[in-house]
Amino acid sequence: MLDKTKKDWWKSAVVYQIYPKSFQDTTGSGVGDIPGIIRRLDYLQTLGIDVIWLSPVCASPQVDNGYDISDYRDIDPMFGTLADMRRLIAEAKRRGIGIMMDLVLNHTSDQHPWFVQARQGRENPYHDYYVWRDGQPGRLPNGMQAVFGGPAWEWVPEVGQYYFHQFAPQQPDLNWENPAVRREIYDMILWWMDQGVEGFRLDVIDQIAKDPDLEITCNGPRLHEFLRELSTETFQKGCLVTVGEAWGADIPRARLYSAPDGSELSMVFQFEQMVLDQQPGKEKWDLAPLPFVKMKQSFARWQQGLHGCGWNSLFLNNHDLPRIVSRWGNDGAYRVRSAKLLAIMLHGMQGTPYIYQGEELGMTNIQLPIEQYQDLEIRNFYQKRRAEGCPEEEILRSIYAKGRDNARTPMQWNAGPGAGFTTGTPWLPVNPNYREINAQAEMADPDSVFACYQKLIALRKRYPVFVEGDFALHEAEHPRLFVYERSLGEEKLLVVCNFGDEATPWKAPDPWKNAQVLIENCPRQEGTLQPWEARILYCGKQ
Ligand code: TEU
């Protein structure tokens, strides 16, 4: 168990992300709930994780699956009650697991009482909690577009103004320029700290300091000023782990966010590697192959760029991204081996690893008929491309590859009905491969993807070089091999991954000839790495 009173305890932690709607249903509603998470805590303890990042469970009309909060201090009835949440915090803590809440601070739901007041008139004290601009019906303040499609402005006739929303119209942006808004937010965070949560994930935190007049959404001029105030007023009063979602972070900015003096956050989620298979200047839906050499060089830059002066989050999946084994691996003939390679490749690096539910089982993408998709981003995209005359098959191909519902299908617990997720009708179909890919089968198999994750977590706890070591990329231009070395004094690791369906000749460099193998995903063959083969070699103290 980690000593969470130690400053920076989160540097040796492993985080597990739960998307509550799809984790475990206990009522037969077809939707996961908090008692379901409590029921599965033993599973998470067996895996060995230290923190649960819980996607939003607060009261919400669920237009964007909880990323539209209508009451920050209550739990959505779909998930349970505040008493359930308190029980979850306590039960998790008993197992050495902390709860990291998902804080959506850029916007609220349009049903939040602040917004309900704000839209009543310009004189209302809550009006200035949101971002308004004058205009006329049909004459928008400017041409800014929302992330989920359509204009970023919505007309409210009662006030004769437009409000600004970077996401759905039901997600009005909060006005961080208003000190009263910031104070309300800090009080709410302190209240959650009192409930015993051990960390926070901050949704789209790089978008809070917007200036719509200058068409600035990301990295606004006051961003780091706001973050430092937020951190001083809240996080620094506890010993918490905090992570900001920051699509717009580059390395210099990530050094600010994760400065070792703790003035902002513990670390950020940056997406540089996750957008490499997107054509520059195009939407995520316009598919391009993964530029492998660029990918490993990008990881190397971030590893070296933050070493000693910041901290990385390590992730390949979340609830917005397709399943990594389907995306970068081979989810057919080499599903198990390539899922393990991806895990080994990531977990050998410096930073705090995040595992997204089902990743530890090698869960895959899904292909559904269009009417079964639930995500508003998928639906908007489909309608837009149809209206543009794009053929159905082409649109579906993009959705199959990149749609967010790939990650949101229910957790596959066993081979029984509803995959052990629900006794009712799941809100989003269970992937039909659950009979083969499920937690029960994998826990009984010492060679499973689950066993590999479990071992990687244990290795991180045992060898300080995983947490503290520096990073050097080998074979930087090799089109299939991702090889890197970590070192901390006399302790050294060599992580070797053969990325792809082809065998590749490879010999361990001299100092590594007789090194101990800490983990591997297939039998060794002298002089050759088999398709998707990966291993970690170790030299140093025994
Ligand atoms: O995501 C931020 C974000 O920018 C995403 O919408 C991203 O652009 C998109 O998913 C790419 O397909 C966060 C949450 O993680 C996401 O689930 C929410 O929908 C969004 O914020 C709004 O709160």
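Note that ligands are numbered from 1 as they come in the structure, with each ligand's atoms numbered from 1 the same way. Here the structure is a predicted model, which is why all the values come from computation and not from measurement.
Among all non-hydrogen protein atoms, the one lying nearest atom 8 (O) of ligand 1 is Val147 CG1, 3.7 Å. Among protein heavy atoms, atom 2 (C) of ligand 1 sits closest to Val204 CG1, 3.1 Å. Nearest protein neighbour of atom 1 (O) of ligand 1, counting heavy atoms only, is Glu245 OE2, 3.2 Å.
Applying the 4.0 Å criterion to heavy atoms of Asp64 picks out, from ligand 1, the atoms 18 (C), 19 (O), 20 (C), 22 (C), 23 (O). Near His319, meaning under 4.0 Å from one of its heavy atoms, ligand 1 places the atoms 14 (C), 15 (O), 16 (C), 17 (O). Taking a cut-off of under 4.0 Å to the non-hydrogen atoms of Lys284, the atoms of ligand 1 that pass are 11 (C), 12 (O). Proximity to Phe167 (heavy-atom distance under 4.0 Å) selects the following atoms of ligand 1: 3 (C), 4 (O), 6 (O), 20 (C), 22 (C). For ligand 1 and Trp247, the ligand atoms under 4.0 Å from any heavy atom of the residue are 2 (C), 3 (C), 4 (O), 7 (C). Atom numbering of ligand 1 starts at 1 in the shown order; those under 4.0 Å from a heavy atom of His107 are 22 (C), 23 (O). Within ligand 1, counting atoms from 1 as listed, the ones closer than 4.0 Å to a heavy atom of Glu377 are 9 (C), 11 (C), 12 (O). Listed by number with element, the atoms of ligand 1 under 4.0 angstrom from any heavy atom of Asp320 are 1 (O), 10 (O), 13 (C), 14 (C), 15 (O), 16 (C), 17 (O).
Counted by atom type alone, Gln207 and Gln166 present one or more donor-acceptor pairs between their side chains at under 3.5 Å. Between the side chains of Glu184 and Tyr72, no donor-acceptor pair of N or O atoms lies under 3.5 Å.
Under a cutoff of 6.0 Å and an axis angle of 45°, Lys4 and Trp9 form a cation-pi pair. Judged by the 6.0 Å and 45° rule, Arg40 forms a cation-pi pair with Trp413.
Under 4.0 Å from ligand 1, the heavy atoms of Arg404 that appear belong solely to its side chain. Counting heavy atoms under 4.0 Å from ligand 1, residue Gln166 does not touch it at all.
With hydrogens and angles ignored, the 3.5 Å screen pairs a side-chain donor or acceptor of Gln171 with a backbone N or O of Tyr67. Side-chain atoms of Ser313 never come within 3.5 Å of backbone atoms of Met267 as a donor-acceptor pair (strictly under, hydrogens ignored).
Within the structure, ligand 1 has Arg201 among the residues with a heavy atom less than 4.0 angstrom away.
Of the candidates Leu105, Thr217, Ile69, Asp203, the one placing a heavy atom closest to atom 13 (C) of ligand 1 is Asp203.
In this structure, the ring of His224 has its center less than 6.0 angstrom from the ring center of Tyr257.
Under the salt bridge (Lys or Arg N to Asp or Glu O under 4.0 Å) criterion, the residue pairs touching residues 164-177 are Asp173-Lys210, Glu177-Arg222, with sequence neighbours excluded. Legend: ring-ring contact (aromatic ring centres under 6.0 Å, His included) pairs involving residues 360-380, not counting sequence neighbours: none detected.
Among Trp114, Phe115, Trp153, the single residue meeting the ring pair (Phe, Tyr, Trp, His ring centres under 6.0 Å) criterion with Tyr163 is Phe115.
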